[in-house]
Amino acid sequence: MRAVLIRDLRLAMRAGGGFGLGLAFFLIVVVLVPFAVGPRADLHQVIAPGILWLGALLACLLSLDRVFALDHEDGSLDLLATAPLPMEALVSLKALAHWLTTGLPLVLAAPFLAVLLNLPIDGYAPLLISLALGTPALSVIGTFGAALTVGVKRGGLLLSLLVLPLYVPTLIFGAEAARRGAEGLGYAMPLAMLAGITCGTIALLPFASAAVVRVNLR
Amino acid sequence: MLLSAHNLSVSRGGISVLEGLNFTLAPGRALILRGPNGSGKTTLLRTLAGLQPPLRGRVEAAPETRVYAGHADGIKSALTAHENLTFWSAIFGGGDVDAAMAAYELEGLADRPAGALSAGQKRRLGLARLIVAQRSVWLLDEPTVSLDTHATKLFADAVRAHLRCGGAAIMATHIDLGLDEAETFDVAPFKARAAALDSFDEAFL
């Protein structure tokens, strides 16, 4: 099982692996937003949690079509499906690898990029916690979307359309926790909801993803 | 008996392609599938590998005894040849990577990125995976594509060694490998008569 994770991480790090794609996109969004809305520090302060969360979510979306498509193209997915590895474990490992290469770097980069958006000092902890809790859900839901579009050539558009509505609850509670934190309010409730969503998706979606991959391989 | 098919019907895209197949595969035997393009050899192999369910009938085999090699080799071009094989070895439970590379004369290419290998070298790497997988039933779909005469001989030797160790193989190929243990199985007589949808719902799914 560890072999799949190590291989996926190694592939992501090598040339053309797509590591840093999400991070670069996140950086671009956060750097460009102040130029777009104008030099108003007070406004930046208000929109910072929402922009940071939205940027992270879209950056996650960007690399999703690579989760299964590459393995399907070169035939690895067929071979992995016949290997002594449960499909549920495979999709979970794929989601974990996606989070480690996309979600985790976003979480770690967010506090630095938050400076550019003038996030109030109280907002850093809730932003970091909410992203750390929420991005695993984005990877797991995204892996489900990638599983649905496994056989589809250039399925990126379809994947985005399928996944976006599923991302809405995570975005609402994640951004809400970050916003309430930035405004100095209590943020335990949205954080608890976010944690609930993440736990629920991690517990249930791998089974759905595995079933969908099996059907798509027929 | 390693694998047997009982009244097996296989379908592709909801349409039945082969019907009423019966055969058994004993240790040390190889079955060579013959039939024109589109006759369902790949579909049959995928069904036998467990990648898709049979339309009717059943496939009997002990779990985790089969390894499949299709048209695509499942090679990651960003990894070296050795890393590719090591990965499959780890997945299938630790086959000897160096022995498998030696069997296909890949030693000199071990540290070359797989993306830089030629089509024939990639295919040899893909076939070396079968040795690493250490499973008794090989299901091979056109294994000799892009292999030269010498590599084809290496492949035939590998199959022979596998059969001698009590393994078995089913392959779709049109090349005569010179295997004494092989019987030819023509799938053409089993072509499905009515190309009908297997169930009413299928059209809506």
Side-chain angles (χ1 to χ4, degrees), chain A residues 1-21 63 66-94 97 101 147-153 208 210-218, chain B residues 10-14 42-43 45-55 61 63-80 83-95 113-115 122-123 125-126 129-130 132-135 137-139 141 198 202 205:
Chain A
M1 301 233 305
R2 227 177 52 216
V4 176
L5 187 64
I6 291 170
R7 181 190 73 148
D8 274 15
L9 294 181
R10 192 179 273 163
L11 283 172
M13 299 295 178
R14 297 254 164 110
F19 177 74
L21 182 72
S63 51
R66 311 178 64 92
V67 172
F68 288 117
L70 297 180
D71 274 353
H72 185 254
E73 272 166 28
D74 64 21
S76 311
L77 200 56
D78 281 347
L79 306 177
L80 284 168
T82 54
L85 180 73
M87 188 56 89
E88 287 78 9
L90 178 68
V91 296
S92 305
L93 289 168
K94 286 271 176 194
T101 52
L148 281 171
T149 53
V150 150
V152 184
K153 287 254 173 347
V212 165
V213 169
R214 279 197 210 99
V215 169
N216 276 337
L217 283 182
R218 281 182 193 174
Chain B
V10 298
S11 65
R12 183 170 171 86
T42 297
T43 310
L45 283 168
R46 288 180 70 87
T47 309
L48 292 174
L51 283 167
Q52 58 179 71
L55 185 60
E64 312 211 328
T65 51
R66 291 160 285 176
V67 61
Y68 171 75
H71 296 285
D73 289 314
I75 289 169
K76 290 290 171 198
S77 44
L79 302 179
T80 67
E83 282 171 339
N84 268 294
L85 266 194
T86 309
F87 167 69
W88 290 114
S89 164
I91 290 289
F92 281 98
K122 272 187 197 153
R123 182 36 64 114
L125 186 57
R129 180 180 56 85
L130 296 167
V132 162
Q134 296 179 309
R135 289 192 161 184
V137 181
W138 289 4
L139 301 163
D141 197 359
D198 66 324
E202 195 78 15
L205 291 174

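We name chains A, B, ... by the order of the sequence lines, and we start the count at 1 in each one.
Annotation: the span from A:R218 atom CZ to B:T47 atom OG1 amounts to 10.5 Å, rounded to 0.5 Å.
Looking only at side-chain heavy atoms (C-beta outward), B:K76 and A:R14 stay at 4.5 Å or farther from each other. Contact annotation: the side chain of A:R7 approaches that of B:L79 to within less than 4.5 Å [non-hydrogen atoms, C-beta and beyond].
Within the 4.5 angstrom heavy-atom criterion, no atom of A:I6 approaches chain B. When heavy atoms are compared at a cutoff of 4.5 Å, A:V215 does not approach chain B at all. With a 4.5 Å cut-off on non-hydrogen atoms, B:R12 does not touch chain A at all.
Residues satisfying the side-chain contact (heavy atoms from CB on, under 4.5 Å) test with A:A81, not counting sequence neighbours, are A:M87, A:L217, B:L51. A search for side-chain contact (heavy atoms from CB on, under 4.5 Å) contacts involving B:L45 returns B:L33, B:Y68, B:L139, B:D141, B:I170, B:A172, not counting sequence neighbours.
Among B:H71, B:R66, B:R135, the residue making the largest number of heavy-atom pairs under 4.5 Å with chain A is B:R135. Looking only at heavy-atom pairs under 4.5 Å with chain A, the residue among B:E64, B:E83, B:Q52 that has the most is B:E83. Contacts with chain B were tallied for A:L77, A:L85, A:L80; A:L80 has the most, counting heavy-atom pairs under 4.5 Å. In terms of heavy-atom pairs under 4.5 Å with chain B, the best-connected choice from A:E73, A:R214, A:R10 is A:R10.
The minimum heavy-atom distance between A:L79 and B:G74, with the atom names listed, is CD1-CA, 3.9 Å. Across every non-hydrogen atom of A:A3 and B:I91, the tightest pair is CB-CD1, 4.4 Å.
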